[in-house]
Amino acid sequence: MTNLNNYLAKHYLNEAQLASAASISIDELHALIRKRLVPAPSYVIGDRGMVASFVFGEMEAPGSTPGSYFHPSQLVWIARARHVVASGPAIDAEARLKERFSANFAAALATLNLTTWRLPDSFDENGAPIADSLLTRTDSAWKYFLNGTFGLCVANPISEAHIACKEVLQEKLSQQSENGSKTMFSPQQARAMHELIDAYAASAMFFSPVEYALSSRKRLVEDLRANMRVSDAEIPSANAFTMQLPIR
């Protein structure tokens with residue numbers, strides 16, 4: 001087996017495995033994806049030895065097993081989609097799912113804004129939502145949710161809160177490290193940065209061997225840790241890291 005095959009076998013389900021675990025047919029799975037009710041596969045390996053994802057596009061993967069691969073959290077979203085379809089008109093199922101996803105995602109962002117990292121584009125100084133900007137964030141999250149992005153990059157995309165947590169931690173880490181290029185920190189800043197890196201690493205997926213070199217995990221976890229240096233001066237940090245997430 002190739003390294004990519006090993007990674008996918010460890011962390012993902014192919015469509016036959018997913019359909020079996022969800023107790024649905026492969027045709028129903030395809031229909032749910034086509035109707036934009038559940039996410040598309042995070043990885044698709046074709047017959048020509050190429051692996052494709054929405055995040056990284058097509059990359060060479062010679063010898064890898066063709067198929068579509070889904071994060072196991074897809075089972076949660078399939079169950080939710082089937083419940084919504086069964087409980088109301090099929091014609092507006094996507095709208096109802098998007099409304100629920102967006103409300104939960106916005107609620108998670110509101111908590112993270114108060115506890116983890118200020119999102120001044122989406123919430124004012126009192127924590128009240130800025131409607132248009134928050135809508136932009138939730139619409140973008142729904143788009144990436146459906147195209148399989150979160151199944152590729154979030155360690156446990158089982159809820160909107162878990163997805164939002166990873167996204168906000170990455171935003172915070174990117175800004176405080178200047179996208180991984182900042183190397184010198186005071187002792188206090190370095191301690192906070194290591195805590196932030198640990199939290200982000202726990203919330204982010206490992207990424208496959210094929211795309212790892214291009215991944216945010218390599219840049220913001222392994223490379224940043226290796227390149228960090230501690231200065232002699234103790235500069236007070238204005239943004240100590242804390243995190244509390246609602247249970248959903």
Side-chain angles (χ1 to χ4, degrees), residues 1-22 24-78 81 94 98 101 136-137 139-158 162-164 166-167 169-171 173-174 179-181 200-201 203-224:
M1 293 182 72
T2 67
N3 289 335
L4 177 58
N5 277 340
N6 290 334
Y7 178 80
L8 294 174
K10 182 177 181 179
H11 298 290
Y12 291 83
L13 302 173
N14 63 37
E15 63 181 9
Q17 292 169 327
L18 179 63
S20 176
I24 62 175
S25 68
I26 291 179
D27 286 344
E28 183 178 355
L29 173 61
H30 290 170
L32 290 170
I33 295 170
R34 186 174 63 253
K35 294 175 183 177
R36 296 169 51 85
L37 303 181
V38 299
S42 293
Y43 296 95
V44 177
I45 300 176
D47 295 331
R48 296 182 295 108
M50 303 291 288
V51 59
S53 70
F54 186 86
V55 180
F56 295 99
E58 277 199 334
M59 304 184 78
E60 292 186 359
S64 297
T65 305
S68 299
Y69 296 87
F70 303 81
H71 194 283
S73 64
Q74 183 86 312
L75 292 168
V76 172
W77 304 107
I78 289 173
E94 181 190 351
K98 181 182 179 182
F101 178 95
T136 297
R137 278 189 183 261
D139 281 351
S140 177
W142 178 249
K143 168 189 168 184
Y144 289 118
F145 170 74
L146 286 180
N147 64 36
T149 293
F150 295 137
L152 182 149
C153 66
V154 182
N156 189 28
I158 201 168
H162 283 76
I163 294 169
K166 182 267 178 185
E167 292 294 284
L169 287 173
Q170 182 169 339
E171 184 172 325
L173 183 54
S174 295
N179 204 27
S181 65
Y200 172 70
S203 71
M205 202 61 186
F206 300 102
F207 293 91
S208 80
V210 175
E211 78 238 347
Y212 175 76
L214 303 175
S215 70
S216 59
R217 187 180 187 94
K218 180 178 185 299
R219 183 178 68 257
L220 297 176
V221 178
E222 279 75 19
D223 288 353
L224 182 56

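Just so it is clear, the values below take in all heavy atoms, side chains as well, and ignore hydrogens, waters and symmetry mates. Here, residue 1 is the first one in the sequence, and each next residue gets the next number.
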Worksheet item: Glu211 and Ser208: side-chain hydrogen bond (donor to acceptor under 3.5 Å, both in side chains), yes or no, with the steps?
Response: CA-CA 6 Å; Glu211 78 238 347; Ser208 80; 3.3 Å; yes
Discussion item. Quick check on side chain to side chain contact (heavy atoms under 4.5 Å, CB included): which of Leu152, Leu18, Ile33 does Pro41 satisfy it with?
Written reply: Ile33
Discussion item. Under the side chain to side chain contact (heavy atoms under 4.5 Å, CB included) test against Tyr7, which residue among Tyr69, Tyr212, Phe206 passes?
Written reply: Phe206
Taking atom [atom1] of [X] and atom [atom2] of [Y], what is their separation to the nearest 0.5 Å?
X      : Y      : atom1 : atom2 : value
Ser216 : Tyr200 : OG    : OH    : 2.5 Å
Ile163 : Ser203 : CD1   : OG    : 11.5 Å
Leu220 : Asn179 : CG    : CG    : 6.0 Å
Asn14  : Gln17  : CG    : CD    : 4.0 Å

For [Y], does its backbone N or O pair with a side-chain atom of [X] as donor and acceptor, under 3.5 Å?
X      : Y      : result
Ser174 : Gln170 : yes
Gln74  : Pro39  : yes
Arg217 : Glu222 : no

Worksheet item: Is the count of non-hydrogen atoms from other residues, nucleotides or ligands lying under 6.0 Å from Phe101 atom CZ greater than 12?
Response: yes
Taking all atoms of both residues into account, what is the closest heavy-atom pair of [X] and [Y], and its distance?
X      : Y      : answer
Gly180 : Leu224 : O-CD1, 4.1 Å
Gly148 : Ser42  : O-OG, 2.8 Å
Val38  : Trp77  : CG1-O, 3.6 Å
His162 : Asn156 : CB-O, 3.2 Å
Ala81  : Leu32  : CB-CD2, 4.4 Å
Asn5   : Thr65  : OD1-N, 3.0 Å

Worksheet entry | Test ring pair (Phe, Tyr, Trp, His ring centres under 6.0 Å) applied to Phe70 - qualifying residues, sequence neighbours left out | none
Worksheet item: Under the ring pair (Phe, Tyr, Trp, His ring centres under 6.0 Å) test, which residues partner Phe207, sequence neighbours left out?
Response: none
Would you tabulate the side-chain donor-acceptor contacts of residues 44-64 under 3.5 Å, counting partners in other chains and residues two or more places apart, or write 'none'?
{"residue": "Ser53", "atom": "OG", "partner": "Phe56", "partner atom": "N", "Å": "3.0"}
{"residue": "Ser64", "atom": "OG", "partner": "Thr2", "partner atom": "OG1", "Å": "3.2"}
{"residue": "Ser64", "atom": "OG", "partner": "Ala61", "partner atom": "O", "Å": "3.2"}

Practice prompt. Over 60° means perpendicular and under 30° means parallel, so classify the ring planes of His71 and Tyr12, tilted if in between.
Written response: perpendicular
Worksheet item: Any side-chain heavy-atom pair from Lys98 and Phe145 closer than 4.5 angstrom?
Response: no
Item to complete: Classify the side-chain pair Asn147/Thr149 by whether it contains a donor and acceptor separated by less than 3.5 Å.
Response: yes
